[in-house]
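Following: one structure in structure tokens, then a few remarks.
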Amino acid sequence: MTGLLNNVKTAPFALSIATFLLGLRLGVIKSSTVTQVATVSVRSTARQYPVVATILLLVAGRDTWSLIPNWAKKNIPLIGRRVGVEPETEDPDDLTSFPAISMKLRNLFQRGKEKLSSGQQIEKPGLVFLALIQIMSQVKQQLAFGRDQTYEESGKEIQNPRDVLDGMDEFLDFADWAYGELPEGESLKGNLQAKGYSLLRHEKTAMPGHAAHYVAVSTERREALIGIKGTSGLEDILTDCCGNAVRYNISNAEGDKQEIICHEGVLLSSRRLADDLLTFVESVLLPSGYKITVTGHSLGAGVAVIFSMILRSRIEELRMNDKKLKVLAFASPPILDYESSKKCESFVTTFINNSDIIPRCSLSNLVLLMGFMQTVNQRLDEEGISPKDMKSMAAFAKWLVRGKHGEMLLKGTDIRDNLNRALDNVDIDDADHLYVPGRVVHMFDEWTKEGYGKENVPTAEKVYVSDGIAKVLRLIEIDDRMMSDHMPPGYRASIRSLLNKADRLYPKNVTERGM
């Protein structure tokens, strides 16, 4: 993602930089005046040196053109390969096609609008959301115990973290390495060799609807490792955004069919990856006696799950023996309907860190959030501080400046009752609602812990096992760590913290290996 942002930031200044450098070369700008370069006008330079300006424009245009991905260039009329292609002949599942992407985004926005427009309308949602943030900060300060209790009620606590996290620090590395963003001096091949794996394939695909990945094998472990890259560029973001819930029939050789409802962008990437690797898995890896582990982080985790479901449907050996294939998904977004997410528990484990926002980014959670915002809006009206005129705006501002230590707009019991009511109003089986897949291992830090959010390295104190409809996953937790908790370093810190806890409480020499 860093490289993408750098390119975006650099492009608008290409002409100015080129003008400055060429000016130095031609003597238009003296070296003694370099410190005054900020005052040099590109416009005046163009007037005095039209030929130079033209050359610079061509250079800047060439540099800008080089920043455009090849898959996007073919969408440009008169230049790209799509000249003369009629819209109706476009492949609707080709995410490298701007018309296809546009259609899918329109469908997604339409479904979201239909879901979110029900119920009481909020006149000023931005200000109500600001009030919601204030309430959440007050909860953290004044009712932290209630939040921690919600986590504890959402699953089964694992007393010895090693039972579910043993070895997961290593597999998180495998998932992280799929991004290809390694420190200077390191390489994917070298890192895998240090772990006993030989890199067989590294596909760095950079197109929407396609998953970059690598395949490696360990002859000592008799294990094949498939690492799938998560979101790191525009192409992956477009795949993420094609988030319609679509139906897909997974059929096996016996003619049995299982209909799943899943994230459209993830499905398209998974199908292409399955088509690509099926023969290699079926004809080389399995006959050679290798078990298969598929891993990924974020988008890569989602693709890992559906890709593996498709492989199982096509290869009988994988269906007959759950030990032949397992998925270790870190920070997966909601990608499956609830029934399908439960059915894959035997071979899929999803790991979630604290308040990570991505596993909570679902339409159902937005509906629930909107329902709670309606409660907040109603309470603002009752208290006479709903910002409708100058007087009420002043009262609203006065309430805001009191901050997290001020009087709470909603009491603890009100918050719990209204959230439970909002949860009850969201239909789990709604075809548009997707959830985190498989068995869910949720690591979390306690808000009641002294210094929460102030430490340099976030940690986790407890770990619970649940599923995709655990209460804490159906609520978007507004927290300072909601983005940093999603990143691999956040997961790494939590896993290591919990494994260190296990080492202190349960020495490894007397503990059975968990996974």
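Please read all numbers here as calculations on a predicted model, not as lab measurements.
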(message) Using the rule given for side chain to side chain contact (heavy atoms under 4.5 Å, CB included), can you reason through Leu419 versus Ile415, listing the C-alpha separation, both sets of side-chain angles and the distance that settles it, and then say yes or no?
(response) CA-CA 6 Å; Leu419 282 177; Ile415 293 174; 3.9 Å; yes
(message) Checking Ile261 against Tyr248 for the side chain to side chain contact (heavy atoms under 4.5 Å, CB included) test, could you report, in this order, the C-alpha distance in whole Å, the side-chain angles of both residues, the deciding distance, and whether it holds?
(response) CA-CA 6 Å; Ile261 303 175; Tyr248 179 67; over 6 Å; no
(message) Using side chain to side chain contact (heavy atoms under 4.5 Å, CB included), reason through Trp447 and Val139 one step at a time and then give a plain yes or no.
(response) CA-CA 10 Å; Trp447 276 7; Val139 168; 4.0 Å; yes
(request) Run the numbers on Asn365 and Val367 for side chain to side chain contact (heavy atoms under 4.5 Å, CB included), then give the verdict. (result) CA-CA 5 Å; Asn365 283 4; Val367 172; over 6 Å; no
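Summarising the geometry of Pro359 relative to Ile352, their closest heavy-atom pair is CB-CD1, 3.8 Å, with the distance given to 0.1 Å. Here the closest non-hydrogen pair linking Arg474 and Leu423 is NH2-O, 3.3 Å. Among all heavy-atom pairs drawn from Ala460 and Ser497, the shortest one is O-OG, 2.9 Å. Here the closest non-hydrogen pair linking Arg481 and Ser355 is C-OG, 3.7 Å. Considering all non-hydrogen atoms of both residues, Ser466 and Ser154 come closest at CB-O, 3.1 Å. In plain terms, the two heavy atoms of Pro488 and Leu172 that are nearest each other are O-CD2, 3.8 Å.
Under the 3.5 Å distance criterion, the side-chain polar atoms of Asn354 are left unmatched by any main-chain donor or acceptor of Asp485. One N or O on the side chain of Ser308 and one on the backbone of Ala304 form a donor-acceptor pair closer than 3.5 Å. No donor-acceptor pair under 3.5 Å is formed between the side chain of Asp322 and the backbone N or O of Phe347. Side-chain N or O atoms of Thr295 include one that pairs as donor or acceptor with a backbone N or O of Leu328 at under 3.5 Å. Without hydrogens or angle criteria, Arg439 side chain to Thr349 main chain gives no donor-acceptor distance under 3.5 Å. For the pair Asp163 (side chain) and Gln159 (backbone), a donor-acceptor distance under 3.5 Å is absent. Between the Glu157 side chain and the Glu152 main chain, no donor and acceptor come within less than 3.5 Å of each other. Between the side chain of His213 and the backbone N or O of Ala211, at least one donor-acceptor pair lies under 3.5 Å. With Arg360 contributing its side chain and Ile476 its backbone, the two residues share no donor-acceptor pair below 3.5 Å. Of the possible polar contacts, one joining the Gln134 side chain to the Trp399 backbone as a donor-acceptor pair under 3.5 Å is found.
For the residue pair Tyr491/Asp176, the side-chain donor-acceptor check at 3.5 Å is not satisfied. Side chains of Lys449 and Thr459: a donor on one and an acceptor on the other come within 3.5 Å. A donor-acceptor pair shorter than 3.5 Å can be found between the side chains of Ser392 and Asp389. Side-chain contact of Glu446 with Thr448: a donor-acceptor pair under 3.5 Å is absent, judged by distance alone. Under the 3.5 Å distance criterion, with hydrogens and angles disregarded, a donor-acceptor pair is assigned to the side chains of Glu477 and Tyr151. At a cut-off of 3.5 Å, with distance as the only test, a side-chain donor of His486 or Ser298 sits close to an acceptor on the other residue. The closest side-chain donor-acceptor pair between Asp236 and Thr239, if any, does not fall under 3.5 angstrom.
More than 12 heavy atoms of other residues, nucleotides or ligands lie within 6.0 Å of CD in Glu170, so this atom counts as buried by the packing criterion. Shown here is Lys388, whose NZ atom has no more than 12 heavy atoms of other residues, nucleotides or ligands within 6.0 Å. Summarising the local packing, CD of Glu339 is surrounded by 12 or fewer heavy atoms from other residues, nucleotides or ligands at distances under 6.0 Å.
In this structure, the side chains of Leu434 and Cys262 stay at 4.5 Å or more apart for every pair of heavy atoms. Using a 4.5 Å heavy-atom cutoff, the side chains of Leu505 and Asn160 are not in contact. In this structure, the side chains of Tyr214 and Glu203 stay at 4.5 Å or more apart for every pair of heavy atoms.
Using a cutoff of 4.0 Å between basic side-chain nitrogens and carboxylate oxygens, Lys342 and Asp467 are scored as salt-bridged. Ion pairing of Arg147 with Asp479 is absent here, as no side-chain N (NZ or NE/NH1/NH2) approaches a carboxylate O to less than 4.0 Å. Remark: Asp503 engages Arg162 in a salt bridge, criterion side-chain N to carboxylate O under 4.0 Å. The existence of a salt bridge linking Arg379 and Glu383 is excluded, since no basic side-chain nitrogen approaches an acidic carboxylate oxygen closer than 4.0 Å.
For Arg416, the side-chain hydrogen bond (donor to acceptor under 3.5 Å, both in side chains) test picks out Gln149, with sequence neighbours left out. With sequence neighbours excluded, the residues that form a ring-ring contact (aromatic ring centres under 6.0 Å, His included) with Phe174 are Phe171, Trp177, Tyr197.
Proximity of the aromatic rings of Tyr464 and Phe444 is defined here by a centroid distance below 6.0 angstrom, and this criterion is met.
Every pair tested for ring-ring contact (aromatic ring centres under 6.0 Å, His included) that includes a residue from residues 124-147 fails, sequence neighbours excluded, so the list is empty.
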